[in-house]
Amino acid sequence: MPRTVLPIRILGLLAQLLAAGALGLSAGEAGAEGEPEDAARWIRQLASPNFEARNEALEALRLIGEPARPALAAALLDDDPQIAHGASLVLKELNRAEIVVELRDPEGRPKPALAVHLTLVAQDEEGRTQGGRRCFEGMTDAQGVARFDELDPERFYVSVRANVPGCLPVYRYSPKHQLERGENRFTLQARRGNALAGRLLDRDGKPLAGAKVVLGHEKHLQFRKFGEERFKSILLSQPSVQTDAGGRFAFEGLLDGAYFVSVCRDEAFVYTSDTIPAQGDLKADAGDLRTGLDAQPAPPATPPPPPRLERRRGSPVLAGNTPFESNAPFARHLESRLMLVVTGADGFIGSNLVADLLAAGAGPVAAVDAYGAKPARYVDELKVAEKLERDELPKWLDRQGSKVRGVFHLGACSDTTATDRPFMLRNNVEYSQTLFRWCAQAGVPFVYASSAATYGDGAAGFDDEADPKALKPLNLYGESKQLFDLWALEQRAAPPRWAGLKYFNVYGPREAHKGRMASVALHAFRQLRAEGEVKLFESHREGIPHGGQKRDFVFVADAVAATRFFLETPASAGAPNGLYNVGTGAARSFADLARAVFAALGLEPRIRYIPMPGDLREKYQYFTQAATRKLRRAGFARPFASLETGVAAYVRQLAEAEALSS
């Protein structure tokens with residue numbers, strides 16, 4: 001036994017005894033309950049080489065809760081880093097605060113199944129802001145209560161708001177609020193607002209059924225001076241209803257003011273009324289409004305599906321965007337904006353995306369990359385509308401931004417062995433923040449490349465619905481991607497549609513320039529051609545055979561399809577803004593991949609195992625497998641190519657290119 005181990009274990013035992021004493025637990029009492037023994041067993045399982053077993057232990061310790069605290073405190077000093085890390089995660093959750101929001105109607109009755117929005121801004125003792133704002137969306141339960149847990153017990157500026165049908169928006173502000181460990185309770189009680197109702201008639205005086213009626217405030221009329229397109233874009237983000245069989249419509253929960261109604265057909269406004277006052281808690285009657293329109297059959301009205309509840313960060317929440325922000329302007333961007341911007345356009349996934357967009361006639365593309373003095377690798381073969389240097393893009397957007405209808409940000413330094421931290425922060429974090437902010441201000445959709453490297457060794461799983469703050473990347477590249485992910489999730493001002501895509505192990509055409517960082521599929525093909533065999537790394541982990549290291553291998557055509565899907569699909573309850581895995585959901589071994597390369601060429605496998613380089617050994621992922629539930633719920637239904645199918649297609653392309661160059 002190493003000489004340093006014994007003192008650490010003694011310290012751990014002392015910490016356990018002290019923690020148990022602090023809780024007033026004698027050895028007999030602890031044994032009677034049985035939970036400390038369970039906690040010790042689960043803590044030992046945190047050292048398992050199997051990440052699923054470690055996750056099972058973490059969940060069990062969370063369920064035990066407070067009785068596990070003494071054992072967890074001792075485990076912080078354990079000489080096994082996996083045990084110490086797992087214990088710190090659970091203790092951090094036990095130390096968190098919780099905000100409980102009670103939502104009530106004007107009569108004081110609880111309001112279930114309604115969205116509640118919470119904003120927290122960390123502050124110091126003088127009320128100065130300490131970091132960005134964090135936003136959460138929750139839903140009230142049957143008792144009208146929404147819970148937001150796993151919060152840090154700090155001093156915050158707290159803002160809570162909700163919408164109750166027929167009532168004014170409900171707000172509660174609490175500056176310099178000290179969140180305490182445990183429960184912090186807020187009560188919101190709604191009050192009734194004004195209502196506006198009326199009936200639409202066609203040119204013959206008959207009820208205009210099934211018409212889309214949009215409500216505007218008189219202040220919106222000022223935007224007409226900026227042109228009809230600007231006026232239209234403002235109205236498309238306002239509340240709308242559909243007239244019933246009698247042509248009737250109604251809006252509730254209005255502030256005092258003058259309003260007008262417009263009829264929208266095929267995203268065009270074909271009728272706008274005069275302004276109608278609504279004030280004093282009264283129901284304003286617009287009367288019969290003769291529109292001069294021809295009646296047309298309306299599609300049958302279908303009620304929207306009920307909001308989907310999911311578990312996020314330990315709380316029941318409403319999946320989707322903030323419920324108070326409309327996604328209607330998204331359609332406007334697809335119609336009126338022409339240019340698609342792709343950064344990293346001369347890279348692997350970026351160049352494949354550009355080629356796919358152009359082949360599909362998806363619009364002109366501005367191809368952005370750090371071309372520098374070197375010739376472009378792939379972009380010069382593609383008919384892009386503009387070719388921009390990476391550093392030119394921000395100024396170009398300021399000049400030409402009105403032409404942009406979407407930004408794919410795939411440009412980054414993807415070297416997993418990089419050690420220049422200032423460069424990685426400038427390149428992978430600050431530059432991404434600049435583009436995100438521009439898209440938020442311009443109302444342009446933004447899809448960017450995150451990475452499966454954010455999951456680190458997989459100890460916390462590969463689930464895109466888990467708390468991203470619990471992830472521990474193994475290298476600087478993964479850390480830079482993680483930093484931007486967390487920053488984006490905290491932004492209140494965001495693009496109407498944004499998604500960070502965690503690509504797993506993508507392989508396919510146009511990756512030859514990546515050198516050492518290219519896929520094993522390409523290396524295997526080249527080795528086979530040059531030496532008649534394929535070299536794979538030996539395993540340096542007990543229980544995993546040589547070549548048994550596993551990855552979620554994704555053919556690049558599937559990665560491109562998922563990338564396009566998120567820009568072309570507006571944010572919704574089923575497809576909310578946020579982080580998404582892009583993977584097949586099936587882990588395959590490197591030996592399987594090598595055998596697929598041999599099979600594609602009709603050869604018998606010849607695999608030789610070699611030692612792993614020292615600079616990789618301690619930072620090597622032995623297993624990755626994407627959780628794909630969130631991706632599929634969002635509506636991406638395309639099946640992923642199997643490893644054998646994707647490798648066969650890739651090898652055919654490599655062989656054809658080889659034949660042409662010989």
Side-chain angles (χ1 to χ4, degrees), residues 329-372 374-412 414 427 431-432 434-450 495-501 503 506 508-514 555-570 582 636 638 653:
F330 187 88
R332 171 176 61 86
H333 296 305
L334 296 183
E335 291 177 359
S336 63
R337 306 214 177 186
L338 304 177
M339 187 84 69
L340 289 170
V341 174
V342 180
T343 72
D346 204 37
F348 174 32
I349 299 178
S351 61
N352 280 281
L353 174 62
V354 171
D356 189 69
L357 290 169
L358 295 176
V365 173
V368 183
D369 212 314
Y371 300 106
K374 67 181 185 300
R377 294 178 288 257
Y378 311 114
V379 167
D380 286 349
E381 303 170 4
L382 305 169
K383 296 181 179 179
V384 298
E386 298 209 38
K387 180 179 165 186
L388 300 169
E389 278 290 336
R390 173 188 179 280
D391 293 338
E392 296 174 358
L393 179 58
K395 291 183 179 179
W396 182 89
L397 287 172
D398 289 339
R399 296 192 309 269
Q400 307 291 336
S402 60
K403 299 179 181 178
V404 175
R405 71 176 176 90
V407 173
F408 295 101
H409 178 39
L410 307 183
S414 59
N427 195 75
Y431 188 81
S432 302
T434 297
L435 298 185
F436 187 99
R437 290 190 186 103
W438 184 88
C439 289
Q441 293 170 2
V444 169
F446 179 73
V447 177
Y448 73 93
S450 180
R497 155 52 101 203
W498 71 269
L501 306 185
Y503 300 108
V506 184
R510 297 189 175 94
E511 65 166 326
H513 65 282
K514 296 180 68 175
F555 191 45
V556 69
D558 296 331
V560 165
T563 306
R564 286 189 56 186
F565 168 82
F566 279 101
L567 190 132
E568 295 164 357
T569 305
V582 176
F636 184 73
R638 170 183 171 129
Q653 185 268 341

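All values below come from the heavy atoms of this structure, side chains included, with hydrogens, waters and symmetry mates left out. Sequence positions, counted from 1, serve as the residue numbers for this chain.
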Listed partners of Q400 passing side chain to side chain donor-acceptor pair (under 3.5 Å), at least two apart: K403
Determine which pairs satisfy salt bridge (charged side-chain N to carboxylate O under 4.0 Å, His left out) with at least one residue from residues 434-449, sequence neighbours left out, and list them in order. none
Before you tell me yes or no, could you show the steps for Y371 and D346 under side-chain contact (heavy atoms from CB on, under 4.5 Å), namely the whole-Å CA-CA distance, both residues' side-chain angles and the distance that decides it to 0.1 Å? CA-CA 8 Å; Y371 300 106; D346 204 37; 3.8 Å; yes
May I ask you to decide if P509's main-chain N or O and N352's side chain share a donor-acceptor pair within less than 3.5 Å? yes
Going by heavy atoms in the side chains, are V379 and V384 under 4.5 Å from each other? yes
Taking the side chain as every heavy atom from C-beta outward, state whether E386 and M339 have any pair of such atoms under 4.5 Å apart. yes
Flag the pair L358 / V354 as yes when at least one side-chain heavy-atom distance between them is below 4.5 Å, and no otherwise. yes
Is there a side-chain contact between V404 and W438 (heavy atoms, below 4.5 Å)? yes
Value for OH (Y448) from SG (C439), rounded to nearest 0.5 Å, stands at 12.5 Å
Those residues at least two apart in sequence (or on a different chain) that pass ring-ring contact (aromatic ring centres under 6.0 Å, His included) with Y503 are none
Nearest heavy-atom pair of V582 and A562: which atoms, and what distance? CG1-CB, 4.0 Å
Given side-chain contact (heavy atoms from CB on, under 4.5 Å), test V447 with W498 step by step and report yes or no. CA-CA 5 Å; V447 177; W498 71 269; over 6 Å; no
Residue pair L388, T343: steps toward the side-chain contact (heavy atoms from CB on, under 4.5 Å) verdict: CA-CA 9 Å; L388 300 169; T343 72; over 6 Å; no
Mind checking whether P495 and F436 have side chains closer than 4.5 Å, heavy atoms only? yes
Under a 3.5 Å cutoff, is there a donor and acceptor pairing between the side chains of H513 and Y378? yes
How many angstroms lie between atom OG1 of T434 and atom OH of Y431, to the nearest 0.5 angstrom? 8.0 Å
Can you name the ring-ring contact (aromatic ring centres under 6.0 Å, His included) partners of F348, sequence neighbours left out? none
How long is the straight-line distance from CG of D356 back to CD1 of I349, given to the nearest 0.5 Å? 12.5 Å
Evaluation steps, side-chain contact (heavy atoms from CB on, under 4.5 Å), between T563 and L567: CA-CA 7 Å; T563 306; L567 190 132; over 6 Å; no
Tell me every residue that passes side chain to side chain donor-acceptor pair (under 3.5 Å) with S351, counting only those two or more places apart in sequence or in another chain. none
Pairing residues for A499 by the side-chain contact (heavy atoms from CB on, under 4.5 Å) criterion, not counting sequence neighbours: L501, F566, Y580
Taking the side chain as every heavy atom from C-beta outward, state whether R497 and V444 have any pair of such atoms under 4.5 Å apart. no
Taking side-chain contact (heavy atoms from CB on, under 4.5 Å) as the definition, give me every residue that meets it alongside F565, ordered by chain and number, with sequence neighbours left out. T569, A634, F636
With a 4.5 Å limit on heavy-atom distance, are the side chains of V506 and D558 in contact? no
R399: side-chain contact (heavy atoms from CB on, under 4.5 Å) partners, not counting sequence neighbours: K395, W396
Residues at least two apart in sequence or cross-chain that pass side-chain contact (heavy atoms from CB on, under 4.5 Å) with A362, listed by chain then number, are L340, L357, R405, R564
NZ of K387 to CG of D369: how many Å apart, nearest 0.5 Å? 9.5 Å
